[in-house]
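By convention in this document, chain letters (A, B, ...) are assigned in the order of the sequence lines, proteins followed by strands, and residues within each chain are numbered from 1.
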Amino acid sequence: MPSVSDELHKEKYDQFKLEEWVKGFWEDNNIYQLVKEKSMRSDKKFYFLDGPPYASSTVIHIGTAWNKVIKDTILRYYRMKGYNVWDQPGFDTHGLPIEVKIERELGVSSKKDIVDVIGVERFIGECKRFVDTSIKAMTSQFKELGVFMDWDNPYITYKDEYIEAGWWLIKRAWEKGLLYRGVQVHHWCPRCETTLADYEVSEYRELEDPSIYVKFPVKGREKESLLIWTTTPWTLPANAFVMASPNIMYARVRVGDEVLIMAVPRIERVMKEAGISNYEVLEEFSGEELEGIEYIHPLEDLVDAQKTLAPYHRVVLAPEAVTAHEGTGLVHSAPGHGDIDFKVNSAKVGAPVVSLVDDQGRMTRESGKYHGLYFRTEANKAIIEDLKRMGALFYESRVVHRYPVCWRCKTPLVLRATRQWFIKVTQLKSKLIQEADKIRWQPDWAKTRFVNLLREVRDWVISRQRFWGIPLPVWVCSKCGYTHVIGSVDELVEMGGEKPKELHRPWIDRVTLKCPKCGGEMHRVPDVLDVWFDSGVSFYASLGYPRRKLWEDMKPVDFITEGHDQIRGWFFSLLRSGVIGFDEAPYRSVLVHGFALDEQGREMHKSLGNYVDFNELISRVPRDVIRFWVMQTTVWEDLRFSWKGLDEMKRVFNIIWNTYTFASTYMSLDKYDPTRTGLDAVWSSLEVEDRWILSRLNRLIARYHEAMEDLRPHDAARMLKSFIIDDVSHWYIRLVRRRVWIEEDAPTKNAAYATLYHVLRTLLVLMAPFTPYTSEYLYQKFVKPAEDNARASVHLEELPEAREDLIDDELERDMEIASQIVEAVAAARNAAGIKLRRPVKRVIIAPVEEEVGRRIMRMERVIKEMANTKTIEIVGPEFFEEARIYRVEPNYRELGPSFKKLTPKVAEVISSRQEEVAKSIISEGTYKAEVDDVSVVIERRHVNIKAYYPEWLSVKETSLGIVGVDTRLEKSEIMEGLAREVVRRIQAMRKEMNLPVNAFIEAWVTGDSEILEAVRELKSYVENETRSKQLHIGEEGPGNAFSREWEVDGKRVTIKILLAE
RNA sequence: GGGCCCGUAGCUCAGCCAGGUAGAGCGCCCGGCUGAUAACCGGGCGGUCGGGGGUUCGAAUCCCCCCGGGCCCA
């Protein structure tokens, strides 16, 4: 016969051990496989797509842990709701950060070294080895957290099948005319020797640069120059034109025997900076008048490239590029080295785009004299010297400003125009916005943010001049220039290529094709793809599309969740790929989560010393505690990491444990069998608190589902916590305690067992997605032994649906009121110094409305028990009014000014005629008296009125009404109180002797006569409570008995105990 | 410089969308309970709801500006 086992309460609680045990249990019994198999039998699909973490570290960030816990909780929820859940994890593996790490490991620092010293083949091998190590380490940490995903079958972006899937999209883009090669100005890292996309330019440093004012002589005018300002002298050799604004006023300013042209609002600043006080503004005019003025470039003779640029040297109007806030209002423009310059040039000038800096950051041959010099250092220096020598330098100083550096190697970046491959995303803009609108965003503002970004979308530079990435599948004929994009390995072979060992560089670089146009040899463009491309195609690539057709059955992705940085990142790249490849958004709903910050709300950084190491965390805090704690945070807000917060959560688990051991202690004692004595069997014996907790439970279930389906798992987590702590532990268990202490087989006890068992069992299942370890453990130890038909694991259970018929609003309101009344009584007792142990004769309540009174009386039994009162009386407010005693005190601040010299005597009257004065002032507002033959009128303001209740009545006023406790002692209550004191002490002694709760004893009580009388009077009560077979009053007892002397209210008593046979 | 989010007690946070007497847990102090006991109950201390302005009879809540923090851009 199954019954609740006694295993739980025999064991010392240790959450770490518990989790270790569960981990072993899952492994030994293949629980994940069972869960997965069960899920796969369902035909309701739930396609979850894991945003792949970047596999560049062996220790995960706290934020990554949170991310996976959120995912796991939601996946578990949907599995337990009977869905066929796709739970494949992913890893993002390509890209520059990993290349840089490997370069460091191998001790090289340039692309040349990778090719010549290391060899690309070995380099790629090292990248792969590094990634594999990271994946292994990360996987084991995710498993530690109890994350149930298909860890044996992750999608990994460097696999050939994945690369091939990536090619497919490039081919799609090409077929749709979205792929193009173009020149654009981008940031370039001269160390990594690759272009960086806008979003990769994320780091800035405070760097020092020259700040120079340079004179560009105006053609055909003696000693007259345009004055320009720049902090990048190295761009001057590539100067093509000068920009001015039509919205700014300019002036010709005489300085010495020269005339300088500059913006009016800048004159004073510039002159001051240059230390020139003697200057004269000759003439002011609108910027428009500058248009077309030609100038001579001061370095014209030193720079070869200037020969082609000279014809364009004139002033161009470009209000978007010129401000009156800095410089001179005249901006030197080098289309090959500036974004705006490039745009203005294409729109208005059409000069050749010249970049005079090479891949390594050195000046090119075309820069003439400066050939070979490094741009920010050597070239700057040489150029400034030449300008000075030629008299073209107006003023020179240094400036410290924010300058972009490479996000991986911190090398200052250079802006330069290069030829790159693009996808014309701008053409898809309206479609992107339209598709974004169909997606469910939680929270709402994520959508706003997303659409804001889409409005500013730019074409996407997909090419990178690196090694560790998906090779760009573009082949170009070396003879006729014909370009072809390859969409698959099969196509590669069809085109005459040989299938390489793997699709990475360098193997793929060796594959040549035969040009279908001219028969010439086609070579691959040596670029690889931007690493953001990789994860963007995961929605189909992880499923092996197009080689396999699973995506077509599974689409769209039902759910994704990542941090809010991914609004711009992955959420965007997925949508972009979805629209390029399939003309639609690939996912249906998004949950955005926050960042894991430190206690002060700052970002965690190893360099800031506030970094919390995952391994430290997991060794200090049990996994479920971490999980349940992080899940309490409003998902889309930032998580403030807190050791203290985690400690608090440990206590919650302690209470959960205590709750289950409480139940198991008594249920096992009585061999309670939930399969025989279930809720149905005890239905008619349910007490009001039983019906109440069942109502609460079902309300919880309903709200829990609402929260989970609305992607508010934190709300569900909070509800679970408050249900178990507040409703079950703090209230329900307190209420049923006495019922489970009953010895015999009473219906009310069985009703309590059945209810408690049902509640705790259901709760385990509801908790399982959040606290998989604890739920499993309690399921194995508490549920399993009691139910023959229990599942192998709690994770194979199905989530219950709420039983609406058990939700009773009225009852819950009644209980709410009862609890408030009990609270008020406790406060009143406390004020009067009456212990809860001592019963009181009556509690008197004047409710604010009759309704409340009725509710109180419906809960009479509960209130009487919890408040330890013999009776409850409902009275009208007049009861308290009549009992109230008023006292008045003289208010000297008001008395003084009114009565001057009489003040002391008036005060005397007030103090001596208390009641009389108080009554009069309350009813009439004044009190009239004769003082030294003078009539005085004492007003309300002259006194402070205080209300008191008589000694015997302790009162607490509440929003429900006035609650009074009659504190008068009658002999019977005193007796009962004393008896209870003795009981308590016997219990303490039993505990000290380590007696089992159900053991019987024999006891002897001697000492104070009043106490003995009380015990004699309530003998059977004492015997019952303490499980005493025999209670000897006034007898010494044997010497071998366990003995203790006590003092109760100043009275001595000696108690002896022996274990009865 | 722009977009979005956050700012409430010493700490962690709820309340804000749908305006109506500022809440919980923890911590601290005092008291109680002692058959869940590293649990539990009551009371107290503690708040310019980041600051300022506006709308309103009434604002933590709605609007505007500013400050601090976060993310993403420029």
Side-chain angles (χ1 to χ4, degrees), chain A residues 8-9 12-13 198-199 201-202 204 323 325 339-340 404 443-453 455-456 458 563-569 571-572 592 594-603 629 632-634 636-652 654-666 669 714-715 718 721-722 725-726 728-731 733-734 737-738 740-741 819 822-831 833-838 866-868 956 959 980-981 983-988 990-991 995-999 1025-1027:
Chain A
L8 277 189
H9 69 266
K12 193 168 153 39
Y13 173 53
D198 300 332
Y199 52 78
V201 182
S202 54
Y204 291 79
T323 79
H325 303 300
D339 190 24
I340 282 202
D444 298 337
W445 55 256
K447 183 178 187 169
T448 311
R449 207 162 136 175
F450 194 69
V451 172
N452 284 346
L453 291 167
R455 286 191 219 285
E456 288 166 31
R458 308 214 308 186
H564 45 66
D565 55 332
Q566 299 304 332
I567 293 175
R568 178 62 193 220
F571 302 153
F572 174 56
V592 175
F595 264 56
L597 307 176
D598 75 358
E599 317 232 29
Q600 280 79 45
R602 301 189 180 259
E603 209 184 334
W629 181 73
Q632 305 280 321
T633 299
T634 305
W636 45 84
E637 286 178 16
D638 291 343
L639 170 83
R640 286 211 187 182
F641 185 85
S642 158
W643 291 108
K644 229 173 104 185
L646 286 161
D647 279 342
E648 280 177 30
M649 188 50 83
K650 281 183 198 164
R651 300 171 56 148
V652 170
N654 205 342
I655 294 174
I656 294 175
W657 177 265
N658 280 332
T659 303
Y660 282 84
T661 49
F662 170 82
S664 98
T665 303
Y666 295 102
L669 222 52
H714 53 283
D715 280 338
R718 289 171 190 165
K721 180 181 152 195
S722 112
I725 301 297
D726 300 332
V728 178
S729 172
H730 290 181
W731 195 244
I733 288 194
R734 258 172 87 204
R737 240 186 325 206
R738 299 208 73 83
V740 307
W741 293 344
S819 117
V822 169
E823 197 176 299
V825 171
R829 294 179 81 110
N830 195 49
I834 306 168
K835 299 172 176 181
L836 186 58
R837 212 181 297 135
R838 209 202 80 197
M866 301 301 280
N868 197 15
K956 171 80 184 177
S959 60
R980 237 170 128 164
E981 295 281 0
V983 166
R984 197 205 110 201
R985 280 157 178 89
I986 294 176
Q987 307 292 31
R990 287 181 61 115
K991 187 140 208 154
L995 295 184
V997 276
N998 57 340
E1025 289 287 304
T1026 60
R1027 296 179 78 93

Open item on the list: Can you list everything that forms a salt bridge (Lys or Arg N to Asp or Glu O under 4.0 Å) with R737(A)? Sequence neighbours excluded, please.
Closed with: none
TODO: Report the relative orientation of the aromatic rings in W629(A) and F641(A); use parallel for angles under 30°, tilted for 30 to 60°, perpendicular for over 60°.
DONE: perpendicular
Open item on the list: Both W445(A) and G569(A) contact RNA chain B. Taking the nearest nucleotide for each, which residue is further toward the 5' end?
Closed with: W445(A)
Open item on the list: Any strand counts, and the cut-off is 3.5 Å on both contacts for Watson-Crick or G-U wobble. Which nucleotide pairs with G42(B)?
Closed with: C30(B)
- [ ] Measure from the side chain of K644(A), starting at C-beta and using heavy atoms only, and say which of C11(B), A14(B), C73(B) lies closest.
- [x] C11(B)
Open item on the list: Quick check against the 3.5 Å criterion: does R568(A) have a side-chain atom that pairs as donor or acceptor with the backbone of L453(A)?
Closed with: no
Task: Integer angstrom distance from the C1' of C17(B) to that of G27(B) - done: 33 Å
TODO: Looking at every strand, decide which applies to T1026(A) at a 4.0 Å heavy-atom threshold: base, sugar-phosphate, or nothing.
DONE: base
Task: Length of the CG-P vector between D638(A) and C5(B), whole Å - done: 13 Å
Open item on the list: Between A60(B) and A22(B), how many Å separate the two P atoms, rounded to a whole number?
Closed with: 8 Å
Open item on the list: Please report the distance separating the C1' of U48(B) from the corresponding atom of A59(B), rounded so that it comes out in whole Å.
Closed with: 15 Å
- [ ] Consider the side chain of E456(A), meaning its heavy atoms from C-beta on, and name the nucleotide among C73(B), G3(B), A14(B) that approaches it most closely.
- [x] C73(B)
- [ ] Could you check which nucleotide pairs with G20(B) in any of the strands shown, counting Watson-Crick or G-U wobble with both distances under 3.5 Å?
- [x] C57(B)
Open item on the list: Could you tell me how far C13(B) sits from U8(B) if I compare only their P atoms? Round to whole Å.
Closed with: 9 Å
TODO: Return the nearest nucleotide to the side chain of E648(A); candidates are A36(B), G25(B), A14(B).
DONE: G25(B)
Task: Between P of G27(B) and CH2 of W643(A), the distance in whole Å - done: 19 Å
Task: Donor-acceptor contact below 3.5 Å, side chain R829(A) vs main chain A824(A) - done: no
Open item on the list: Please report the distance separating the C1' of G25(B) from the corresponding atom of A9(B), rounded so that it comes out in whole Å.
Closed with: 12 Å
Task: Nearest-Å distance for atom pair CZ/P, residues F662(A) and U34(B) - done: 15 Å
Task: Under 4.0 Å protein heavy-atom contact, by nucleotide of nucleotides 37-46 of chain B - B base, S sugar-phosphate only - done: -BSSSBS---
Open item on the list: Output the rounded distance in Å from NE2 (H714(A)) to C1' (C6(B)).
Closed with: 14 Å
Task: C1' spacing across the pair G70(B) / G50(B), given as an integer number of angstrom - done: 16 Å
Open item on the list: Please report the distance, rounded to the nearest Å, between CD1 in I567(A) and P in G70(B).
Closed with: 17 Å
Task: Aromatic ring pairing W445(A)/H564(A), orientation class (parallel under 30°, perpendicular over 60°, tilted between) - done: tilted
TODO: Once you apply the 3.5 Å cut-off to both distances, tell me the Watson-Crick or G-U wobble partner of C49(B), or none.
DONE: none
TODO: Decide yes or no for T659(A) and I656(A): does some side-chain heavy atom of the first lie under 4.5 Å from some side-chain heavy atom of the second?
DONE: no
Open item on the list: Using OP1 and OP2 only, check whether a side-chain N or O of T634(A) sits under 4.0 Å from A14(B).
Closed with: yes
Open item on the list: Test of understanding: with ring pair (Phe, Tyr, Trp, His ring centres under 6.0 Å), list the residues that count as partners of F572(A), not counting sequence neighbours.
Closed with: none
Open item on the list: Between R640(A) and U12(B), is there a contact of a side-chain N or O with OP1 or OP2 at under 4.0 Å?
Closed with: yes
Task: Candidate nucleotides C73(B), A14(B), G3(B), ranked by approach to the side chain of R568(A) - the nearest - done: C73(B)
Task: Ion pair K644(A)/D647(A), N-O distance below 4.0 Å - done: no
Open item on the list: Any base atoms under 4.0 Å from T659(A), or only sugar-phosphate, or nothing? Heavy atoms, all strands.
Closed with: base
Task: Nearest-Å distance once atom P is located in both G46(B) and A39(B) - done: 27 Å
Task: P atoms of G54(B) and U61(B), separation to the nearest Å - done: 14 Å
Open item on the list: Could you identify the nucleotide paired to G7(B), looking across every strand shown and requiring Watson-Crick or G-U wobble geometry with both distances under 3.5 Å?
Closed with: C67(B)
Open item on the list: Less than 4.0 angstrom between a side-chain N/O of R449(A) and OP1 or OP2 of G3(B), yes or no?
Closed with: no
Open item on the list: Do N868(A) and R980(A) make a side-chain contact, defined as non-hydrogen atoms from C-beta onward lying under 4.5 Å apart?
Closed with: yes
- [ ] Look through every strand shown and name the nucleotide pairing with G1(B) as Watson-Crick or G-U wobble, where both distances are under 3.5 Å.
- [x] C73(B)
Open item on the list: Between P on G69(B) and NE2 on H564(A), what's the gap in Å once rounded to a whole number?
Closed with: 16 Å
TODO: Could you state the atom-to-atom distance from NZ of K447(A) to C1' of C4(B) in whole Å?
DONE: 15 Å
Task: Value in whole Å for how far the P atom of G3(B) lies from CG of D565(A) - done: 21 Å
Task: Polar side-chain atom of R640(A) near backbone of L597(A) as donor-acceptor pair, under 3.5 Å - done: no
